[in-house]
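Have a look at the structure below before the remarks.
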Amino acid sequence: MAIHLTKESKILVQGMTGGEGVKHTRRMLAAGANVVGGVNPRKAGRTVDFDVPQSPNGLGGAPRPVPVFGSVAEGVDATGADVTVVFVPPASTKAAVTEAVDAGIGLAVVITEGVPVHDSVALLAHARRRGTRVIGPNCPGLISPGQSVAGIIPADITKPGRIGLVSKSGTLTYQLMYELRDIGFSTCVGIGGDPVVGTTHIDCLAAFQDDPDTDLIVLIGEIGGDAEERAAAYIRDHVAKPVVGYIAGFTAPEGRTMGHAGAIVSGSSGTARAKQQALEAAGVRVGRTPTETARQVLAVLDAGA
């Protein structure tokens, strides 16, 4: 199994005909994702022929025509799509996600960076009212290795396995996938680092706890906010599976503005040390580097073998 995304998922790509959309749609197809269409009102009725390379896992390797629809609703009606990946400019993201929600899409993966916070708040509120899960904005998406990928996560750096991964950071998602490539993952979810995101650590913790094919959970956070502290409280009360954590920012200089919009530290609140203490109090092993975190995972798995 996997969470949120499986080989059965039918994916639309909003913005598929743009530069980033074309590049990453090709990569998704090569990974075996069932991309059933793109959306662009100005190019409706056309077909984009993707020369899909074969990936190391043997998927892809054949030309693939993908139709372009004038709206998400048209794409859903024609294909039964239940997932959309959004590659549109920040100013258009609110409208694009709202359109997907109104068309009945169950999962919207919003890759776009720089979405205004007030737009994120509005689109996420609308999605919750209508029952659509949003991952992002400003995220790499998610991958269930060997099944499907929705977003920009590389498919050739790991394999299927029994670790679940949830991360604020896209880069650290990739690094932990690579560090633990010999073990493999059920699903890896990059939730994004903006102050307001649609899917949280807690959402993924709950899903991984319920997934019978996930044996261990890796949680990657970063300085700023209190998401990791809230996740620690949830782990303490609701998660029986082992959790290993990593917090980016142990070496961050005090008083320095950091890259992610969510990395706001006030006093001791939001520091890497405070998050580490909260997680360890909930029984989570916390590594100080990605490599150390991977070693912690292996130690937990070896102890349970």
Side-chain angles (χ1 to χ4, degrees), residues 3-5 9 11-15 20-21 24 39 71-73 75-76 81-143 149-153 164-170 173 187-208 210 219-231 233-234 238 259-264 270:
I3 69 167
H4 306 321
L5 186 74
S9 300
I11 302 171
L12 291 176
V13 181
Q14 291 173 262
E20 291 300 306
H24 291 293
V39 179
S71 68
V72 177
V76 170
D82 52 6
V83 177
T84 184
V85 182
V86 180
F87 288 103
V88 303
S92 304
T93 299
K94 178 183 173 183
V97 177
T98 300
E99 179 187 346
V101 170
D102 291 344
I105 287 286
L107 174 65
V109 181
V110 186
I111 307 301
T112 309
E113 182 178 1
V115 179
V117 173
H118 58 82
D119 283 1
S120 293
V121 171
L123 71 86
L124 292 173
H126 184 61
R128 290 189 185 103
R129 286 193 297 268
R130 299 293 294 270
T132 297
R133 174 173 298 282
V134 176
I135 296 178
N138 187 19
C139 78
L142 72 164
I143 181 171
V149 58
I152 64 175
I153 297 178
L165 171 63
V166 53
S167 173
K168 274 186 178 180
S169 165
T173 300
T187 302
C188 304
V189 186
I191 60 174
D194 279 4
V196 180
V197 293
T199 295
T200 66
H201 286 116
I202 291 174
D203 295 327
C204 292
L205 288 166
F208 283 131
D210 291 340
L219 182 152
I220 301 176
E222 62 186 14
I223 58 172
D226 66 348
E228 294 79 8
E229 289 87 345
R230 286 185 279 115
Y234 184 86
H238 300 287
H260 268 181
I264 300 171

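Since we're looking at a predicted model, the values are computed, not measured.
Remark: His24 engages Phe87 in a ring pair (Phe, Tyr, Trp, His ring centres under 6.0 Å) (not counting sequence neighbours).
Closest heavy-atom contact between Thr199 and Val134: OG1-O, 2.7 Å. Contact between Gln14 and Val88 at its shortest, heavy atoms only, is O-CG1, 3.7 Å. Gly141 approaches Ile111 most closely through the heavy-atom pair N-CD1, 4.0 Å. Across every non-hydrogen atom of Gly221 and Glu228, the tightest pair is CA-OE2, 3.3 Å. The two atoms that bring Val197 and Arg128 nearest to each other are O-NH2, 3.8 Å, heavy atoms only. The heavy-atom pair separating Ala81 from Leu12 by the smallest distance is CB-CG, 3.5 Å.
No option in Thr187, Leu142, Asp203 other than Leu142 meets the side-chain contact (heavy atoms from CB on, under 4.5 Å) test with His4. When the options Val149, Ile143, Val166, Ile220 are evaluated for a side-chain contact (heavy atoms from CB on, under 4.5 Å) with Cys188, the one that passes is Ile143.
Here the CG atom belonging to Asn138 is positioned 4.5 Å from the CG atom belonging to Asp194, to the nearest 0.5 angstrom.
Annotation: side chain of Lys94 is not in contact with side chain of His126 (no heavy-atom distance under 4.5 Å). Looking at heavy atoms from C-beta onward, Ile153 lies in side-chain contact with Pro140 at the 4.5 angstrom threshold. Counting heavy atoms from C-beta on, the side chains of Val110 and Cys139 never come closer than 4.5 Å. In this structure, Ile135 and Leu107 have side chains that are in contact, with non-hydrogen atoms separated by less than 4.5 Å. Lys168 places a side-chain heavy atom less than 4.5 Å from the side chain of Ile191.
A donor-acceptor pair is defined here as one N or O able to donate and one able to accept, closer than 3.5 Å; no such pair exists between the side chain of Glu99 and the backbone of Ser71.
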